[in-house]
Amino acid sequence: QVQLVESGGGLVQAGGSLRLSCVASGRIFSIGTMGWYRQAPGTQRDLVASITSGGSTNYADSVKGRFTISRDNAKKTVYLQMNSLKPEDTAIYYCNADVFISSFRDMTDRWGQGTQVTVSS
């Protein structure tokens, strides 16, 4: 019943910005770490950024200084602010979350369906 729904993807020129959002819904006791991953054609799915329930963040080297991950626990939402976008950022971006269903002993790993980000030169 738990779902993650991404939004905010689209087409942008190099140097531009986008903000991705991911909202969790359904039967949720709590949400632990949330993160964004991306996958370009012919590549593996890699971590872009993650954020713990306490606000600690982690970024891929390729996006440090350009992307910012944040979350709003009341809204069950994680965001990815992407600035100074480059063509190599083009990929499908996926939201991920560690969701506790009824207690901290009942965790599931959930993924969104992905949202396309295309950066043109």
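Remember, predicted model here, so these are calculated numbers, not experimental data.
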query = Looking only at heavy atoms, which two atoms of Leu11 and Ser120 are closest? And how far apart?
reply = CD1-CB, 4.4 Å
ask   = Do Asp98 and Asp109 have side-chain heavy atoms sitting under 4.5 Å apart?
value = yes
ask   = Please walk me through it: do Leu80 and Val78 pass side chain to side chain contact (heavy atoms under 4.5 Å, CB included)?
value = CA-CA 7 Å; Leu80 185 68; Val78 63; over 6 Å; no
ask   = Heavy-atom distance under 4.5 Å between the side chains of Arg38 and Ser62, does that happen here?
value = yes
query = Do you know the tightest heavy-atom contact between Tyr59 and Ala49?
reply = CD2-CB, 3.5 Å
message = Regarding Asp89 and Lys86, does a basic nitrogen lie under 4.0 Å from an acidic carboxylate oxygen?
response = no
message = Membership question, hydrophobic clusters at under 4.5 Å side-chain separation (ILVMFWY): are Phe67 and Val12 in the same one?
response = yes
inquiry  = I'd like to know whether Ser25 forms a side chain to side chain contact (heavy atoms under 4.5 Å, CB included) with Val5, so could you lay out the CA-CA distance, the side-chain angles of the two residues, the decisive distance to 0.1 Å, and finally the verdict.
reply    = CA-CA 8 Å; Ser25 63; Val5 180; 5.6 Å; no
inquiry  = Looking at Asp46 and Tyr37, would you say the former's side chain and the latter's main chain have a donor-acceptor pair under 3.5 Å?
reply    = no
query = How close do Leu85 and Leu18 get, heavy atom to heavy atom, and via which atoms?
reply = CD1-N, 3.9 Å
key: Ile69 side, atom CD1; Gln81 side, atom CD - distance, nearest 0.5 Å   = 12.0 Å
query = Given side chains that start at C-beta, do those of Phe29 and Ile101 come closer than 4.5 Å, heavy atoms only?
reply = no
key: In one Ile/Leu/Val/Met/Phe/Trp/Tyr side-chain cluster, 4.5 Å: Met34, Val2   = yes
ask   = How many angstroms lie between atom CG of Asn96 and atom OG1 of Thr33, to the nearest 0.5 angstrom?
value = 9.0 Å
query = Any chance CD of Gln39 has more than 12 other-residue heavy atoms, nucleotides or ligands included, within less than 6.0 Å?
reply = yes
key: Same apolar cluster (I L V M F W Y, side chains within < 4.5 Å links), Ile92/Val48   = no
task = Determine yes or no for a side-chain-to-main-chain donor-acceptor pair under 3.5 angstrom, with Glu6 supplying the side chain and Gly114 the backbone.
result = yes
request  = Could you check Asp72 against Tyr79 for side chain to side chain contact (heavy atoms under 4.5 Å, CB included), going step by step and ending with a plain yes or no?
outcome  = CA-CA 8 Å; Asp72 185 329; Tyr79 305 95; 4.2 Å; yes
request  = Quick one: closest heavy-atom pair of Gln116 and Thr90, and the distance?
outcome  = NE2-CG2, 4.0 Å
ask   = Under 6.0 Å from the CD atom of Gln13, do we count more than 12 heavy atoms belonging to anything else shown?
value = no
key: Side chain proximity check, Asn73 to Ile31, heavy atoms < 4.5 angstrom   = no
ask   = Are Met82 and Trp36 side-chain neighbours, meaning at least one heavy-atom pair lies under 4.5 Å?
value = no
query = Any donor and acceptor pair, going by atom type alone, linking the side chain of Arg71 with main-chain N or O of Thr52 inside 3.5 Å?
reply = yes
query = How long is the span from the CZ atom in Arg66 to the OG1 atom in Thr68, to the nearest 0.5 Å?
reply = 11.0 Å
task = Find the distance between NZ (Lys75) and SG (Cys22) and round it off to the nearest 0.5 Å.
result = 15.0 Å
inquiry  = Please determine whether side chain to side chain contact (heavy atoms under 4.5 Å, CB included) holds for the pair Leu20 and Tyr94, giving the CA-CA distance in whole Å, both sets of side-chain angles, and the decisive distance to 0.1 Å.
reply    = CA-CA 10 Å; Leu20 306 183; Tyr94 297 90; over 6 Å; no
ask   = Which pair of heavy atoms, one from Ser84 and one from Ser17, lies closest together, and at what distance?
value = N-OG, 4.3 Å
request  = For Lys76 and Ile28, work out which heavy atoms get closest and say how close.
outcome  = CD-CD1, 4.0 Å
